[in-house]
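Each remark here refers to the structure printed beneath this line.
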Amino acid sequence: EVDKLISSIIPDLAALGKMVTEIDFNYSGSKDFGSGQTNLKSLEFSFAPYGITANASAMRVKDGGSISGNASLSCINCLNMIDDTMGYFERVRSAVSVLSPKTTENIRVSPRLVQAIKDFLVAVASKDKDTLKFDLINDGAGKITLNGKDNAELMELFGKIIAPELNNK
């Protein structure tokens, strides 16, 4: 019985197909990071059905000065990836609940919360077919936006879409 539980939570990575991991990162500037340029030329973590790619650049012009920069992230087949991740989470939770019931008493993710998370991401992202795209921009003067939405707009969306589901189990 325990062997069956354990085997149910071991992911079958081969079933996901080709896996790619890549990072190309560099920094030039002061040793204490007080000023300089950071570049994440590329980041990729993907399997055949879905994945995440990103790039970013940030700069601090003078010691102690503010940081400006931008980051872009693409989540390929993101909504299916979330569904699969939540399915895996539920298998792990179920297995742990058999082995240690008190550990998982309050750990639940409802299907409605999962849908709310996906709805929030779709509301924030720009979409290209099955790819959700996110662009984070920090102007260095205190204004940070995600796909053109500032913190207040993002919190409003969170409050409307995700917050109502946080206490529903």
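Values reported hereafter were calculated over all heavy atoms of this structure, with side chains retained and with hydrogens, waters and symmetry mates removed. All residue numbers refer to positions in the sequence shown, counting from 1.
- A distance of 12.5 Å separates CZ in F45 from CD1 in I23, rounded to the nearest 0.5 Å.
- With rounding to the nearest 0.5 Å, the separation of CD1 in I52 from SG in C78 is 6.5 Å.
- Annotation: the span from Q37 atom CD to N39 atom CG amounts to 4.5 Å, rounded to 0.5 Å.
- The salt bridge (Lys or Arg N to Asp or Glu O under 4.0 Å) contacts involving residues 122-132 comprise D128-K133, where partners must be two or more places apart or lie in separate chains.
- L43 is not listed as a side-chain neighbour of T21, based on a closest heavy-atom distance of 4.5 Å or more.
- Interatomic distance, CG of L136 versus OG of S72, reported as 8.5 Å (0.5 Å rounding).
- S42 and E22 are linked by a side-chain donor-acceptor pair at a separation below 3.5 angstrom, with hydrogens and angles left out of the test.
- Considering all non-hydrogen atoms of both residues, S94 and S97 come closest at O-OG, 2.7 Å.
- By the side-chain contact (heavy atoms from CB on, under 4.5 Å) test, L154 pairs with V124, L146, K149, sequence neighbours left out.
- With rounding to the nearest 0.5 Å, the separation of CG in D135 from CD1 in I137 is 6.5 Å.
- Under the 4.5 Å side-chain criterion, counting only non-hydrogen atoms from C-beta, S66 is not in contact with R60.
- Annotation: salt bridge (Lys or Arg N to Asp or Glu O under 4.0 Å) contacts involving residues 65-82, sequence neighbours excluded, are absent.
- Put simply, CD1 on I67 and CG on N138 are 7.5 Å apart, with the number rounded to the nearest 0.5 Å.
- Annotation: salt bridge (Lys or Arg N to Asp or Glu O under 4.0 Å) contacts involving residues 67-86, sequence neighbours excluded, comprise D83-K118.
- In terms of heavy atoms, F120 sits closest to I161 at N-CG2, 3.7 Å.
- V92 and I9 make their closest contact through CA-CG2, 3.5 Å (heavy atoms, listed as atom of the first residue, atom of the second, distance).
- Between S46 and I76 there is no side-chain heavy-atom pair separated by less than 4.5 Å.
- Pairs passing the salt bridge (Lys or Arg N to Asp or Glu O under 4.0 Å) check and including a residue from residues 138-148, sequence neighbours excluded, do not occur.
- Applying the side-chain contact (heavy atoms from CB on, under 4.5 Å) criterion to M155, with sequence neighbours excluded, gives N151.
- Taking 4.5 Å as the limit, some side-chain heavy atom of T38 sits within range of a side-chain heavy atom of F25.
- For E153 (side chain) and D150 (main-chain N/O), a donor-acceptor pair under 3.5 Å exists by modelled atom type.
- When all heavy atoms of A48 and G17 are compared, the pair lying nearest together is CB-CA, 4.1 Å.
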